[in-house]
Structures are given as C-alpha cells and as structure tokens.
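Below is one structure, written out as structure tokens; the observations come after it.
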2 protein chains.
Amino acid sequence: METVACCTPMTREPMTAPQAERVSALLKALADPVRLQLLSLVASHEGGEACVCDLAEAFDLSQPTISHHLKVLHGSGLLERSKRGVWVYYKVADEVLNSLGKLISSAGA
Amino acid sequence: METVACCTPMTREPMTAPQAERVSALLKALADPVRLQLLSLVASHEGGEACVCDLAEAFDLSQPTISHHLKVLHGSGLLERSKRGVWVYYKVADEVLNSLGKLISSAGA
DNA sequence: GATAAATATTGACAGAGATCGATGTCCGGT
DNA sequence: ACCGGACATCGATCTCTGTCAATATTTATC
C-alpha cells in the first residue's frame, strides 16, 4: 500500500495529473454521507473494529447497499477487512486516512 | 462560513447524518482530479492567487468546463473569488481546507 | 457607444454511481 | 448432510456529474 502522495503538500507546487488521480480516488471513496458515517462508526467502535451486523443496524438501507459501501471503502484502502467465523470485521486504515488528511490540511498552520 | 464539523474528530463518536452530509459536500467538491489540480495550482501560484486565464492553460479542457469546476470549488467554500477588472482571481480558503484535513486525519497520531 | 476580451450561464449528452430485490457463497450448528 | 444466518455479488433502474458548443454578461479600450 503506497503512500497517498509522498511529501508534496499540494500548496507548495501544483499536483501532477497522476497524483491528482490517485488522491481523488481516495476522496471519492470518502465523499459519501453513508460511507463517512460507516467510517466513523468503525473508528469509534470498541477495539476500533466492527462487524457488518453492527454497522447495518445504524442505517435505513438495505444490506446489499451497506455491503457495497464497505466494498468501496475497502477497495480504496481506507478500511481493512478480516473475516472471523461467519462475521466480517472492518477496521480503519489509520495511516492512509492520516496521510490523506495531512495532504489536505497542508494549507494553513 | 461555519466550521466544517466542530470538534468532533470522527473517531471519538460516530458522526451524525447532518454532519456527514455537510462534510461529504466538501469532499465531493474536492474529489475530482481536475479540481484537485486547480486547487493546488491556485495555492502554489505566487501570492496564493490565480486568475482563470492562468489556470485554464494548464488543462486540455474547454473554458466552460474550467469555469464549472471553479464554481463548484467556490460554491463549497474551498475557493474565494475576487474580481479585479476583467479578470477573476481565486484564492484558497485556508481555514476551510485546514479544518477539513484535520477532521480526516483525526485517526492516528 | 461599438468592439474585443475574460468569464459565466445554458442546454444537451454520455458515463458514473447509489440503491434495491433476488440470488449466490461460506460457515456453524443440529 | 442439511439448514439457517452473515455477508457478497448480480442485474436493473434512477439520479447525479463532467464535458462540450453555443450564447450571455461584464469591462476596458478606441
């Protein structure tokens, strides 16, 4: 899992097209209200982990829809997956989220 | 211009639906390769400002398309607009971008 | 005031994405 | 071996978004 966009604070020098492509892929994955809530639910759950059954209850959406959103988050590298028995547990990929945040807030103090 | 999502680091307790809606609106505005490059171009331009003519040259896109992207960025509060003569200058809204980044990277250290 | 240049708006279209119902897969228990 | 529950995949639909050509708006200049 490579770094988001190594050491280029986005306000120093213009991003290249490939950089922008990669970063926007991460942001697209994050830019959905349901997925934001899913991520924060996982992050704030005890142990930093949550199974799908815990998450699905919090929404008025069908199970396939939740599964779809989790797939997007996992596919982009923002959530880590681990299967234990019948349950699948998701966990926030701290480093990825962290470096993404730093990249964005590289503007002010 | 209110704060992105006041003081709730997203990993402490789950985001509410309205919070998620507001944050995702900002992220949607940012989650496009062209807009990311536009933002970084503006930020890295001398004086932290750039007029549309400076920006449009960097892309192989029509002028209305660039104008559209700038409108999205300005409409979401990520870019500030100021008209001087025939030219329109854009400038990064540091605080907005900053607080958004902090919100995201509130995961790790 | 007419003209030219810089930027914005409008209308149309194609591609992407969110959602659902139905179905499939995998695992644990009886 | 069968059954039930947890989660994923598939196919369809509907909405949203990026892009362009054409046109409008604003402003400086002659």
Side-chain angles (χ1 to χ4, degrees), chain A residues 15 17-18 20-39 41-42 45 49-91, chain B residues 15 17-18 20-42 45 47 49-91:
Chain A
M15 296 180 71
E21 210 74 43
R22 163 145 183 79
V23 175
S24 79
L26 277 175
L27 289 173
K28 269 189 220 295
L30 213 55
D32 180 278
V34 175
R35 290 198 285 271
L36 276 175
Q37 284 195 82
L38 278 172
L39 203 82
L41 270 174
V42 170
H45 205 263
E49 273 188 340
C51 73
V52 182
C53 54
D54 292 326
L55 302 170
E57 294 173 354
F59 299 89
D60 196 26
L61 291 171
S62 71
Q63 175 264 323
T65 298
I66 299 296
S67 190
H68 162 69
H69 285 304
L70 288 170
K71 183 179 186 174
V72 172
L73 286 169
H74 175 245
S76 67
L78 291 167
L79 280 187
E80 292 162 10
R81 238 179 79 105
S82 69
K83 191 167 185 176
R84 289 204 292 275
V86 189
W87 297 279
V88 174
Y89 289 82
Y90 286 94
K91 179 176 170 308
Chain B
M15 296 180 71
E21 210 73 44
R22 163 145 183 78
V23 175
S24 78
L26 277 175
L27 289 173
K28 269 189 220 294
L30 212 55
D32 180 277
V34 175
R35 290 198 286 270
L36 276 175
Q37 283 195 83
L38 278 172
L39 203 82
S40 73
L41 269 174
V42 171
H45 204 263
E49 273 188 339
C51 75
V52 182
C53 54
D54 292 327
L55 302 170
E57 293 174 355
F59 299 89
D60 196 26
L61 292 171
S62 72
Q63 175 264 324
T65 298
I66 300 295
S67 190
H68 162 69
H69 285 304
L70 289 170
K71 182 179 185 175
V72 172
L73 286 170
H74 175 245
S76 67
L78 290 167
L79 279 187
E80 292 162 10
R81 239 179 78 106
S82 70
K83 190 167 185 175
R84 290 205 291 275
V86 189
W87 297 278
V88 174
Y89 289 82
Y90 286 95
K91 179 176 169 307

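In this text, all values refer to a predicted model and were calculated from it rather than measured experimentally. So you know, we letter chains A, B, ... as the sequences are listed, proteins then strands, and number each from 1.
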Going by modelled atom types, is there a donor-acceptor pair between the base of C/dA6 and the side chain of B/Gln63 at under 3.5 Å?
no
Check the distance between [N]'s [atom2] and [X]'s [atom1] and give it to me in whole angstrom.
X	N	atom1	atom2	result
A/Leu79	D/dC7	CG	C1'	15 Å
B/His68	C/dA12	NE2	P	17 Å
A/Leu38	C/dA18	CG	P	12 Å
A/Ile66	D/dA6	CD1	P	15 Å
B/Asp60	D/dG18	CG	P	18 Å
B/Trp87	C/dA8	CH2	P	14 Å
A/Phe59	C/dT19	CZ	C1'	14 Å
A/Glu21	C/dA16	CD	P	12 Å

Is [X] near enough to [N] that one of its side-chain N or O atoms lies under 4.0 angstrom from OP1 or OP2?
X	N	value
A/Arg35	C/dA18	yes
A/Arg81	D/dA8	yes
A/His69	C/dT19	yes
A/Lys71	D/dA8	no
A/Tyr90	D/dA8	yes
A/Ser62	C/dT19	no
A/Ser67	D/dA8	yes

Does the Lys NZ or Arg CZ of B/Arg81 fall within the cation-pi geometry relative to B/Tyr89 - under 6.0 Å from the ring centre and within 45° of the axis?
no
Cationic N near anionic O, under 4.0 Å, A/Glu21 to A/Lys28
no
Would A/Lys91 and A/Glu49 pass as an ion pair if we require N to O under 4.0 Å?
no
Supply the atom-to-atom distance A/Leu55 CG to A/His69 NE2, rounded to the nearest 0.5 angstrom.
12.0 Å
Starting at CG of B/Leu36, measure out to CG of B/Leu41 and round the result to the nearest 0.5 Å.
11.0 Å
Specify the residue among A/Lys83 and A/Lys28 whose closest nucleotide of DNA chain C lies further upstream toward the 5′ end.
A/Lys28
